[in-house]
Amino acid sequence: MLATLVKAPFDRPGWDYEEKYDGDRMLAYKEGQHVRLLSRNAKDRTVKFPEIVEAIEELRPATLLLDGEVVVFDSKNVSRFQLLQQGKGNPIYAVFDCLFADGKDLRHEALSQRREILERLIHGKGVLILSHRLAKNGLEAYKIAKGRGYEGLVAKDLSSPYEEKRSRFWLKVKVHQEDEFVIGGFTAPEGSREYFGALLLGAYEKGKLRYVGKVGTGFDGATLESLYKKFKPLVRSKPWFVDPPRERSATYLEPRLVAQISYQELTEDQKLRQPVYLGLRDDKSAKDVVLPEAEA
């Protein structure tokens, strides 16, 4: 189930307001003592997070399906995708939904009932935590999210079922802009920099890859080298962008890689302001990366 982006915070009776985490979305399957962790594009992550797997094994139900996000918190207790991507810190599984428990399908039950089941299952502050409720009032929840530096909040209709699609029963409001963009090329390095200068980024609009700007910050030496090695087999002679930039030193790539980018805003002409590279995402196909657009 995916949340729909909306432009402004709101308050509605019968809704819940949770912290929006900045990590990897993950489903956790448990059958007896067998546990699997799957990303949102069904990649197996079981081996990557052994402590989370062990904690789920110890949960009481014989069969269980949880939905949540694997995150790493910084020193201010704010989740940071960059820390997770770089393998820094301790991964935590923030659980926000329960789809099956003890053989019972809960997807058609109200979210309030599914949350009650989670609250009976998950306690304490170990590697399994419950998603953090910010406040009962949505406007106050937004103020808390903004004050603490969270990425945003997710508002959820407590009477809603679990829908396996993007839904308006879950609405997300961003405090800090952060999205996925396709890497469509790179520029040559300048000065003492090695490998490349900046990434050329894009997103799909009506099936066509649109250029949205370049990002040249957020890289250390190891990241520059690692990305450059990934670029080599993807080099192509012509741009995939329908509106390529005027970059003399540009090298274009087949649009296969997806980057997580933080930025100040997307301007009216669909260009990124003050973008910063956070890391690669391998849990989303490049074809699924569309221009961010909030609903009213």
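Note that the structure is a prediction, hence the values are computed from the model and not measured.
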Quick one: does any side-chain atom of [X] pair with a main-chain N or O of [Y] as donor and acceptor, under 3.5 Å?
X	Y	answer
Thr217	Pro275	yes
Thr4	Ser167	yes
Asp22	Phe81	yes
Tyr93	Met26	yes
Asp97	Arg115	no
Lys30	Leu65	no

Do other residues, nucleotides or ligands put more than 12 heavy atoms under 6.0 Å from [X] [atom1]?
X	atom1	value
Arg256	CZ	no
Lys146	NZ	no
Glu119	CD	yes
Lys88	NZ	no

- Item | Under-4.0 Å salt bridge between Arg40 and Asp283 |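 Answer for the salt bridge query: yes.
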- Message: Please determine whether a side-chain nitrogen of the Lys or Arg among Arg210 and Glu205 lies less than 4.0 Å from a carboxylate oxygen of the Asp or Glu.
- Response: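 Yes, Arg210 and Glu205 are salt-bridged.
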- Message: For Phe186 and Phe231, take the angle between the two ring planes, folded into 0 to 90°, and tell me which bin it lands in: parallel under 30, tilted 30 to 60, perpendicular over 60.
- Response: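 Taking Phe231 first and then Phe186, their aromatic rings lie parallel (interplane angle under 30°).
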Considering only distance and modelled atom types, tabulate donor-acceptor pairs under 3.5 Å from the side chains of residues 136-143, sequence neighbours left out.
from, atom 1, to, atom 2, distance (Å)
Asn137, OD1, Leu139, N, 2.8
Asn137, OD1, Glu140, N, 3.0
Asn137, ND2, Asp11, OD2, 3.4

- Item | From Phe181 atom CZ to Leu201 atom CG, the distance as rounded to the nearest 0.5 Å |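 Between atom CZ of Phe181 and atom CG of Leu201 there are 7.5 Å.
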- Task: Kindly confirm or rule out a cation-pi arrangement of Arg12 over Phe10, judged by NZ or CZ under 6.0 Å from the six-membered ring centre and within 45° of its axis?
- Result: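 That pair qualifies as a cation-pi contact.
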- Query: Among Gln260, Lys230, Glu180, which residue meets the side-chain contact (heavy atoms from CB on, under 4.5 Å) test with Leu280?
  - Reply: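 When Gln260, Lys230, Glu180 are each tested with Leu280, the side-chain contact (heavy atoms from CB on, under 4.5 Å) holds only for Lys230.
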- Task: Identify the residue among Arg25, Glu164, Lys165, Lys172 that makes a side-chain contact (heavy atoms from CB on, under 4.5 Å) with Leu2.
- Result: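 For Leu2, the side-chain contact (heavy atoms from CB on, under 4.5 Å) test succeeds with only one of Arg25, Glu164, Lys165, Lys172, which is Arg25.
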- Does the pair Asp288 and Tyr204 meet the rule for a side-chain hydrogen bond (donor to acceptor under 3.5 Å, both in side chains), with working shown? CA-CA 8 Å; Asp288 295 330; Tyr204 284 94; over 6 Å; no
- Task: List the steps and the verdict of ring-ring contact (aromatic ring centres under 6.0 Å, His included) for Tyr228 and Phe196.
- Result: CA-CA 7 Å; Tyr228 189 70; Phe196 64 87; 7.2 Å; no
